[in-house]
Amino acid sequence: MTFASRATPGVAVTFREALFTGLAPDGGLYHPVESPALAALFSSFDDSTSFEELARRTLAGILSPELAEHDVNQIVVRAFSFVPVLRRLDDSIMLLELFHGPTCAFKDFGAQFLAAAMEHLLEKSERRIQILVATSGDTGSAVAHAFFRRRNIDVVILYPSGRVSELQEMQLTTLGENVHALEVAGSFDDCQRLVKQAFQDSTLRERLRLTSANSINIGRLLPQSLYYVFAATRRGQLSGRAPVMCVPSGNFGNLTAGVYAWHWGLPVRGFIAATNANDVVPRYLRSGRFLPRPSAQTLSNAMDVGNPSNFERLEEIFRRDWRDMAAHIDGIATSDERTLATMGQVFRSHGLLVDPHTAVGIAAAKSALDADPATRSGQIVVLSTAHPGKFADTVLRATGKNPDLPDRLAACLRLPRRSLKVGPGFAELSRYLLDSFG
Ligand SMILES: *Cc1c(COP(=O)(O)O)cnc(C)c1O
């Protein structure tokens, strides 16, 4: 598979190049140029196929001949020490739990694969690379854990002082070794501006090998297709019917990865784009007009995005034909009030605690079932994107129950915190980077 940006579709690059550059030289996102035909492969998977085997064979189908089977196997083994879990909620709805990785959110799938692929492809290299990321919370911890102890790679994470939760800060600052946390006296926007400036600075570009790991990197997107393949090929659990996939969405990377898998031949009956009050995509699906606006704060804050960057990738898959997109994707927005009510109801009916992002997905699935009873003849698979323990306050408010914090998260609260305080000016960051890695 090769990749190209929308502005220069004729200039295709390899997976390796897209991985290490992140963005195309023209500033655009990379889109897959080819669409591999994998329907036969997918139909060979069933309930007994392990996630690891399914990942190896699907990725080989996507990345060969650029990567040999041996390379793909190495990357998969190094990336996935955890698996998705498909469980039934009720007659019509199943949950695809994606929070069994090191930081308890689905972003572990993308971040771990990106880190493992970079580590493997750097094996024969003599120079180290430096991953530079700005975070407002969760993305940073998934990236920090993914790159921890990877050879030939240093990670520098910038986070806004006093503006991330205590747990998030501890996840970023207690790893140490090749993971360097910078506490910036400023806002998340300052952190992003500093990172952007660093990538444009000619001295830094000459003396360092700065690399980004942000969510638009194709190396984070492609592995997210794998759990759609996993869910839709568990035919026994699904009673033999192709499912509808319901995806709690913010920046729309997760949904895009599912639509890629469908495009490659995965039997899926359709998608639901489930959003909170930040509903620019559901509005687009109804009207054909894409009108980004400033994001609004909600309880499902990892989905508070007013201008989703992966929207253009979705548009490309459907050749910018909104009617075609709307024929395959249903957009449903859910208020905070209904999110809380859904969390309460799921707990009372099933004894299950779910986080607010998953609840937005469940609420959307229920709306779809109410609007179109025909949907009931199959299954809706709702992606469960985070562990409820990460959103304890909201879970307590909705259900009266305090969720457990998984041990792997709680462990960091007992470790010493190590971070370096820096100001919001670029000169200080530049000096730090040159002194540490130049
Ligand atoms: C990032 C995130 C989302 C949204 O995923 P996108 O790929 O940005 O649409 C949903 N839920 C949780 C818990 C997240 O961290």
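What's counted below: heavy atoms across the whole structure, side chains too, no hydrogens, waters or symmetry copies. Nothing fancy with the numbering, it's 1 onward along the sequence. Whatever order the structure lists ligands and atoms in, that order sets their numbers, starting from 1.
Ranking protein heavy atoms by distance to atom 7 (O) of ligand 1, first place goes to Asn254 N, 2.9 Å. In this structure, atom 1 (C) of ligand 1 lies nearest to the protein heavy atom Lys107 NZ, 1.4 Å. Scanning the protein for heavy atoms near atom 8 (O) of ligand 1, the closest one is Asn251 N, 2.8 Å. In this structure, the protein non-hydrogen atom closest to atom 4 (C) of ligand 1 is Gly250 N, 3.7 Å.
Phe113 and Phe80 have parallel rings, their planes meeting at less than 30° on a 0 to 90° scale where 60° marks the start of perpendicular. Ring planes of Phe271 and Trp262: perpendicular class, angle over 60° (limits at 30 and 60°).
In summary, the atoms of ligand 1 found under 4.0 Å from a heavy atom of Gly253, numbered by their order in the structure, are 6 (P), 7 (O), 9 (O). Proximity to Ala386 (heavy-atom distance under 4.0 Å) selects the following atoms of ligand 1: 13 (C). The atoms of ligand 1 that sit less than 4.0 Å from any heavy atom of His357 are 11 (N), 12 (C), 13 (C).
Heavy atoms of Phe106 approach ligand 1 to within less than 4.0 angstrom.
Atom 13 (C) of ligand 1 has its nearest heavy-atom neighbour, among Thr385, Val281, Asn310, in Thr385.
Residues Asn276 and Asp336 have side chains that never bring a donor and an acceptor to within less than 3.5 angstrom of each other. Side-chain contact check for Thr358 and Asp355: at least one donor-acceptor pair (N or O, by modelled atom type) lies under 3.5 Å.
Considering backbone and side-chain N/O atoms, Asp355 never comes within less than 3.5 Å of an N/O atom of ligand 1. Residue Phe252 has at least one N or O atom closer than 3.5 Å to an N or O atom of ligand 1.
A cation-pi arrangement is present between Arg234 and Phe230 under the rule of less than 6.0 angstrom and at most 45 degrees off the ring axis.
Other residues, nucleotides and ligands contribute more than 12 heavy atoms inside 6.0 Å of the CZ atom of Arg293. For Gln297, the CD atom sits in a loose shell: 12 or fewer heavy atoms of surrounding residues, nucleotides or ligands are nearer than 6.0 Å. For Asp404, the CG atom is loosely surrounded, since the number of other residues' heavy atoms within 6.0 Å does not exceed 12.
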